[in-house]
> 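Here's a structure for you.
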Amino acid sequence: MFKKVKLTAKLLIPIILVSVIGIAALIFIAASRTMAVTSDKAHEIAEEMGYRYANKSETVFENALNTARVLGKSFESIKQQEGRELS
């Protein structure tokens, strides 16, 4: 069967086959490297966002704690004032 095929076809089939395999390998390598770089970048951005929002949350909690401390000191001083008036 392969003997009846023209010489040009006999030469083109292996060349095309090697070319297709080579192009497929290049696409696979490019896709895998792109996925790796994208994954690394996504982790980097997520870490940055985590630090940014952690700082914002820390500021909010610190403000709330400061308010609670001030109220506590105020109530403490009011309680001391009431204790002095009762004596």
> Out of curiosity, Asn63 CG to Thr67 OG1, how far, rounded to the nearest 0.5 Å?
6.5 Å
> With sequence neighbours excluded, what pairs up with Glu62 under the side chain to side chain contact (heavy atoms under 4.5 Å, CB included) test?
Asn66, Arg69
> Donor-acceptor pairs under 3.5 angstrom involving side-chain atoms of residues 52-59: please list them, not counting sequence neighbours.
{"unit_1": "Asn55", "atom_1": "ND2", "unit_2": "Tyr51", "atom_2": "O", "d": "3.4"}
{"unit_1": "Ser57", "atom_1": "OG", "unit_2": "Tyr53", "atom_2": "O", "d": "2.9"}
{"unit_1": "Thr59", "atom_1": "OG1", "unit_2": "Asn55", "atom_2": "O", "d": "2.9"}

> Quick one: do Lys41 and Glu44 make a salt bridge, cutoff under 4.0 Å?
yes
> Measuring from atom CD of Glu76 to atom CG of Leu71, what distance do you get when rounded to the nearest 0.5 angstrom?
12.5 Å
> Considering only distance and modelled atom types, tabulate donor-acceptor pairs under 3.5 Å from the side chains of residues 23-32, sequence neighbours left out.
{"unit_1": "Ser32", "atom_1": "OG", "unit_2": "Phe28", "atom_2": "O", "d": "3.2"}
{"unit_1": "Ser32", "atom_1": "OG", "unit_2": "Ile29", "atom_2": "O", "d": "2.9"}

> Under the 4.5 Å side-chain heavy-atom rule for ILVMFWY, direct or indirect, which residues accompany Leu12?
Ile16, Val20
> In chain order, what residues pass the side chain to side chain contact (heavy atoms under 4.5 Å, CB included) check against Met35, with sequence neighbours excluded?
none
> Could you tell me which residues satisfy side chain to side chain donor-acceptor pair (under 3.5 Å) with Asp40, sequence neighbours excluded, listed by chain and number?
none
